[in-house]
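Take a look at the structure below.
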Amino acid sequence: MDLSLSTRTVGDRTVVEVGGEIDVYTAPKLREQLVELVNDGNYHLVVDMEGVDFLDSTGLGVLVGGLKRVRAHEGSLRLVCNQERILKIFRITGLTKVFPIHNSVDDAVASTD
Amino acid sequence: MATVELRFSALPEHVRTARLVAAAVARRAGVDESVLDEVRLAVGEACSRAVGLHQRGDAHGAIRVALIEQEKRFLIEVADEAGDGSVPSPVSGASADPGEDALGLAVITGLVEDVEVTNGGEGGLIRMSWPVSTAPVAV
């Protein structure tokens with residue numbers, strides 16, 4: 001199982017659909033993707049994690065890095081996740097307070113707060 | 001001796017293997033199915049941290065994962081050979097964020113009730129354990 005990444009544009013948002021495992025080996029690919037999107041001027045990102053089977057702290061670090069980058073441009077980074085085992089990792093690290101986490105891509109795309 | 005022992009060179013691509021083996025051996029040992037995700041994540045975090053320590057310290061050597069089946073507990077030890085932990089972090093290579101190391105430990109201590117992190121001259125050691133059910137395990 002490797003990491004899969006695909007991006008699409010929905011209005012002014014860029015949705016990054018992530019699948020597979022985000023760990024110490026694959027996280028650099030996600031980091032590259034987020035850096036590239038921000039460098040290309042995409043500052044409102046939605047990371048769809050519904051297809052993610054595994055996430056560790058390296059992945060969390062990459063998401064925090066992405067958030068820092070978009071915030072430097074007054075942008076946003078929203079997550080879509082309904083999987084309890086993934087949500088648990090955000091909870092124990094206190095990152096649920098840092099990331100807006102949505103139930104669906106539609107919900108994330110519609111949010112403006 | 002350990003029920004199963006792994007030794008691998010400190011490269012990110014081997015961490016997944018360690019996770020898979022640890023989860024498989026834990027399942028066989030009778031660790032509850034609902035806890036296997038925790039075992040998988042905790043071993044992954046411990047191994048990722050060890051890989052990061054080796055890479056930042058430019059250390060050679062290997063990472064050892066010992067999976068030990070006991071009567072009432074399933075014990076996992078992850079040992080690195082990255083030195084005494086006093087190596088300054090030049091922040092280069094795979095882990096660009098020094099905060100990731102702290103985040104990894106936060107995940108482990110948040111997940112695992114029985115965990116012990118120590119550091120000797122040769123490297124660090126993380127010991128974790130989980131209860132096993134006494135009922136016979138269906139394979």
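Computation of the quantities below employed the complete heavy-atom set of this structure, encompassing side-chain atoms and omitting hydrogens, waters and symmetry-equivalent molecules. Here is how names work: the chains are called A, B, and so on, in the same order as the sequence lines, proteins then strands, and each is numbered from 1.
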What residues form a ring pair (Phe, Tyr, Trp, His ring centres under 6.0 Å) with F8(B), not counting sequence neighbours?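 Once residues adjacent in sequence are excluded, F8(B) has no partner under the ring pair (Phe, Tyr, Trp, His ring centres under 6.0 Å) criterion.
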Are [Y] and [X] co-members of a hydrophobic cluster defined by side-chain heavy atoms under 4.5 Å apart?
| X | Y | value |
| --- | --- | --- |
| Y43(A) | V105(A) | no |
| I63(B) | L6(B) | yes |
| F54(A) | V18(A) | yes |
| V80(A) | L60(A) | no |
| V4(B) | V132(B) | yes |

I need the E13(B) CD to D2(A) CG distance, nearest 0.5 Å.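 E13(B) CD to D2(A) CG: 11.0 Å, rounded to 0.5 Å.
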Given heavy-atom pairs under 4.5 angstrom as the criterion, report whether the side chain, backbone, both or neither of R19(B) touches chain A. side chain
By a 4.5 Å heavy-atom criterion (distance strictly below it), what part of I108(B) contacts chain A: side chain, backbone, both, or neither? neither
Counting only heavy atoms from other residues, nucleotides and ligands, does the tally under 6.0 Å from [atom1] of [X] exceed 12?
| X | atom1 | value |
| --- | --- | --- |
| Q70(B) | CD | yes |
| E113(B) | CD | no |
| R40(B) | CZ | yes |

Closest contact, heavy atoms only, G104(B) versus S57(A): CA-OG, 3.3 Å
Is the charged tip of R16(B) near the ring of Y25(A): under 6.0 Å from the six-membered ring centre and within 45° of its axis?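 The answer is no; the distance or angle limit is not met.
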Could you tell me whether the side chain of S48(B) reaches within less than 4.5 Å of the side chain of D56(A), counting heavy atoms only?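 D56(A) vs S48(B): side chains touch.
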Select all residues of residues 85-101 of chain A having any heavy atom within less than 4.5 Å of some heavy atom of chain B, and report them by number, or 'none'. R85(A), K88(A), I89(A), I92(A), T93(A)
